[in-house]
Amino acid sequence: MLQVKNIREDKKRIVNGLRKRNWTAQQTKVVDQILQTDDERRAAQKKLDDLLAENKRFSAQIGQLMGQGKQSEAEALKARVAALKEQAKQAEEQFDSAKKALDDLLYSVPNCPHKSVPKGAGADDNKVHRAWDKPFPALPPDALPHWDLIKKYNLIDFDLGVKLTGAGFPVYRGQGAKLQRALIQFFLDENTKAGYEEILPPLLVNEDSARGTGQLPDKEAQMYTCERDNLYLIPTAEVPVTNILRDAIIPEKDLPVRMTAYTPCFRREAGAWGAHVRGLNRLHQFDKVEIVRVEHPENSYPALLQMLRHVQRLLTKLELPYRILLLCGGDTGFASAKTFDFEVWSGAQQRWLEVSSVSNFETFQSNRMQLRYRDADNRIQLAHTLNGSALALPRIVAALLENNQTAEGIRIPKALHKYTGFKTIG
RNA sequence: GGAGAGGUGGCAGAGUGGUCGAUUGUGCUUGACUCGAAAUCAAGUGUACCUCCGGGUACCGUGGGUUCGAAUCCCACCCUCUCCGCCA
């Protein structure tokens, strides 16, 4: 969540930021409401603190008097304290309600987009950051979409998934399963080479963790829950991996922290179903390798670009046509200040598929989870957090299958040969 | 699942109603000694919020309660460890 301090210091910047998310002038009034509520909270806290301080002084006096055996004087003081206590109770109620009102408001406001983020309402307003300027792979006119290729070569069985679990839970088999494993290992190896520590985290997280990265309180509908145990199935590795550093104070010399993790991801995705979500385009369970960084604020935007270059290298090695979009304000995720999406060209579907989203959250997550570093002057500051997919598997597989189909089978890119153990599917 | 023990500062570990935000040890930082290091000595060393920048308040697993006063007493919950059972 945003820091009240920042809103207070630079309200204009925050309001302008929200306008870039296509907020109306009316909606941005919440910013004033926050400042006003914060004033109320501070006043209430001052009042409460003063009353408590007074109470404490009396209590100490009573203790002294009792020690000296002056019972009657002590009793007299007790009577005076009783009135104070009533006031303190009221002050506490005022403080609690102001605090809660403030938190509710803060939770409802998304991150302020970076100054380089364009204004816009949705996907149509995104800017192409890097276009694909080479030709697309030449496919025969009867090229098959991946859902047909999957059947043809018996790589993934959706019907079996329905039998075992339900729609959106595919069963990978044979070369399909091996391709999955190969990609995971390829990504992890590449990420490790780039300096990211490999993490294998739990797939279930508790409430604190879900709140830390911003899945709670709002987006509970997105997650599968284990209510009996009050746990959540992770929608992305970002959740357990970033929360590793929840409530931590990192010495500045240990920055940046770079981590990578493969996990299955579980998403309920109550939303549109139809042609665009056929096959591997949208699933309830899918595999993803994630990269997470914790950075010094001064270094977070250079780090974001580094992550971009890293993901580009992965796609280049996989020989996939891709483009990079800079998301506009309206399309940028709630917690993010700046997001780039990677899309690969899906030759048979003749459309771009999102395979990675790389974001800088600045202090939005770290403020929520108290992820801090100690600077050279020994001051404690919020760190910046970033993450990105490197990469999400299903759509990578879709593009690989579609773009590389030949009469003799599906060609596997060279970089994967040592992982798959085969050069073609078929 | 059953039985027991326990959750206190980076770590270890005291503290069973008042001057305890907390003894002590250790670690860490700085200084002294030293050619340098070790050892030794001295000082410092939690977090958050508020502030008239003097200071104030809260936090001893979490939430309630008793009391003028709670780390300490009471209630509920959560978690960890040990043993048994089950199990990859």
Side-chain angles (χ1 to χ4, degrees), chain A residues 1-9 34-107 200 202-212 216-217 225-232 240 243-255 257 363 365-383:
Chain A
M1 62 179 125
L2 294 175
Q3 300 171 76
V4 178
K5 192 182 65 164
N6 290 350
I7 300 176
R8 195 170 290 283
E9 280 165 7
I34 285 172
L35 291 179
Q36 196 193 322
T37 310
D38 187 48
D39 286 339
E40 286 164 22
R41 185 204 109 243
R42 285 154 78 170
Q45 180 169 349
K46 185 80 178 71
K47 194 170 157 199
L48 174 63
D49 284 358
D50 288 347
L51 284 166
L52 289 175
E54 211 176 339
N55 219 329
K56 256 173 101 166
R57 276 197 300 275
F58 278 127
S59 290
Q61 275 181 39
I62 291 170
Q64 274 185 349
L65 292 172
M66 304 271 271
Q68 296 162 8
K70 300 177 181 169
Q71 295 293 339
S72 58
E73 288 178 50
E75 290 302 324
L77 264 186
K78 279 192 195 180
R80 288 181 63 186
V81 171
L84 268 182
K85 272 186 81 176
E86 190 49 42
Q87 285 182 53
K89 201 181 154 196
Q90 279 178 25
E92 190 177 8
E93 278 165 14
Q94 266 176 35
F95 172 72
D96 286 346
S97 77
K99 181 87 169 59
K100 173 150 196 322
L102 179 64
D103 283 345
D104 287 348
L105 287 171
L106 286 172
Y107 275 128
L200 188 65
L203 307 181
L204 286 163
V205 294
N206 59 28
E207 230 174 288
D208 286 343
S209 296
R211 193 173 300 109
L216 292 179
T225 59
C226 300
E227 281 168 33
R228 262 182 88 169
D229 300 291
N230 211 6
L231 297 172
Y232 300 85
N243 273 285
I244 286 173
L245 292 164
R246 168 156 49 85
D247 290 324
I249 300 176
I250 307 165
E252 189 177 287
K253 66 176 168 56
D254 291 348
L255 293 177
V257 178
T363 59
Q365 289 182 331
S366 58
N367 185 34
R368 216 180 260 213
M369 69 169 89
Q370 291 296 297
L371 195 178
R372 296 151 295 170
Y373 70 96
R374 195 180 293 277
D375 72 12
D377 298 325
N378 229 18
R379 281 179 313 211
I380 290 167
Q381 315 272 8
L382 292 175

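All values below come from the heavy atoms of this structure, side chains included, with hydrogens, waters and symmetry mates left out. Residue numbering restarts at 1 for every chain, and letters A, B, ... go by the order of the sequence lines.
- At the heavy-atom level, A:R374 lies under 4.0 Å from the strands shown only through sugar-phosphate atoms.
- Straight-line distance between the C1' atoms of B:G17 and B:C73: roughly 8 Å, to the nearest whole Å.
- Comparing B:U57 with B:U66, their C1' atoms are spaced 23 Å from each other, to the whole Å.
- Atom CD in A:Q370 sits about 11 Å away from atom C1' in B:C49, given to the nearest Å.
- In B:G54 the base sits syn relative to the sugar, since the glycosidic angle is no further than 90° from 0.
- With a 3.5 Å ceiling on both atom-pair distances, B:U19 lacks any Watson-Crick or G-U wobble partner.
- When the P atom is compared between B:G64 and B:U72, the two are found 14 Å apart, to the nearest whole Å.
- Rounding to whole angstrom units, CZ of residue A:R379 and P of B:U45 are separated by 19 Å.
- Taking atom CZ on A:R41 and atom C1' on B:U57, their separation rounds to 12 Å, with Å as the unit.
- Distance, A:I380 CD1 to B:A48 C1': 10 Å, rounded to whole Å.
- To the nearest whole angstrom, the two C1' atoms, one in B:G7 and one in B:G56, are 30 Å apart.
- With hydrogens and angles ignored, the 3.5 Å screen pairs a side-chain donor or acceptor of A:D375 with a backbone N or O of A:D377.
- As the counterpart of B:U57, B:A48 is assigned, both hydrogen-bonding distances of the Watson-Crick or G-U wobble pattern falling under 3.5 Å.
- A donor-acceptor pair under 3.5 Å links the side-chain atoms of A:E252 to the main chain of A:A376, judged by distance alone.
- Atom P of B:G61 sits at a distance of 15 Å from the matching atom of B:G15, rounded to the whole Å.
- The existence of a salt bridge linking A:K46 and A:D49 is excluded, since no basic side-chain nitrogen approaches an acidic carboxylate oxygen closer than 4.0 Å.
- Across all strands shown, the partner of B:U82 is B:A3, judged by Watson-Crick or G-U wobble contacts whose two distances both fall under 3.5 Å.
- Counting all heavy atoms, side chain and backbone alike, A:A91 lies closest to A:L51 at CB-CD1, 3.9 Å.
- Among the atoms of the strands shown, none is found under 4.0 Å from any heavy atom of A:R80.
- Between A:R42 and B:U51 there is a side-chain polar atom (N or O) within less than 4.0 angstrom of OP1 or OP2.
- Under 4.0 angstrom from either OP1 or OP2 of B:A58 there lies at least one side-chain N or O belonging to A:K56.
- Residue A:I249 is in sugar-phosphate contact alone, with no base atom involved, counting any heavy-atom pair closer than 4.0 Å across all strands shown.
- Pairing for B:U29 is with B:A43, a Watson-Crick or G-U wobble pair whose two hydrogen-bonding atom distances lie under 3.5 Å.
- Phosphate proximity of B:A48 to A:R372: present, with a side-chain N or O under 4.0 Å from OP1 or OP2.
- Remark: the separation of the C1' atoms in B:U8 and B:U62 is 15 Å, to the nearest Å.
- Nucleotides B:C20 and B:C68 have their P atoms positioned 23 Å apart, rounded to a whole Å.
- Using N1 to N3 plus N6-O4 or O6-N4 for Watson-Crick, or N1-O2 and O6-N3 for G-U wobble, each under 3.5 Å, B:G63 pairs with B:C75.
- The P atoms of B:U23 and B:G44 are separated by 13 Å, rounded to the nearest whole Å.
- Here the closest non-hydrogen pair linking A:I62 and A:V81 is CD1-CG2, 4.2 Å.
- Nearest heavy atom pair, residue A:Y373 against residue A:I249, reads C-CG2, 4.3 Å.
- Computed from coordinates, the A:K78 NZ to B:G69 C1' distance equals 9 Å when rounded to whole Å.
- For the OP1/OP2 pair of B:C49 and a distance below 4.0 Å, the side-chain nitrogens and oxygens of A:K46 include no atom meeting the criterion.
- Checking B:G56, B:G18, B:G69 against the side-chain heavy atoms of A:A53 singles out B:G56 as nearest.
- B:A14 is unpaired under the criterion used here, namely a Watson-Crick or G-U wobble arrangement in which both key atom distances are under 3.5 Å.
- A salt bridge links A:R41 to A:D38: at least one charged side-chain nitrogen sits closer than 4.0 Å to a carboxylate oxygen.
- One can place CG of A:D49 at 8 Å from P of B:U57, the figure rounded to the nearest angstrom.
- For the pair A:D229 and A:G63, nearest-nucleotide mapping onto RNA chain B gives the more 5' position to A:G63.
- The nearest whole Å value for the distance from the CG atom in A:L52 to the C1' atom in B:C68 is 14 Å.
- The CD atom of A:Q45 sits 9 Å away from the C1' atom of B:A48 (whole-angstrom rounding).
- Look at B:C35: it lacks any Watson-Crick or wobble partner with both distances under 3.5 angstrom.
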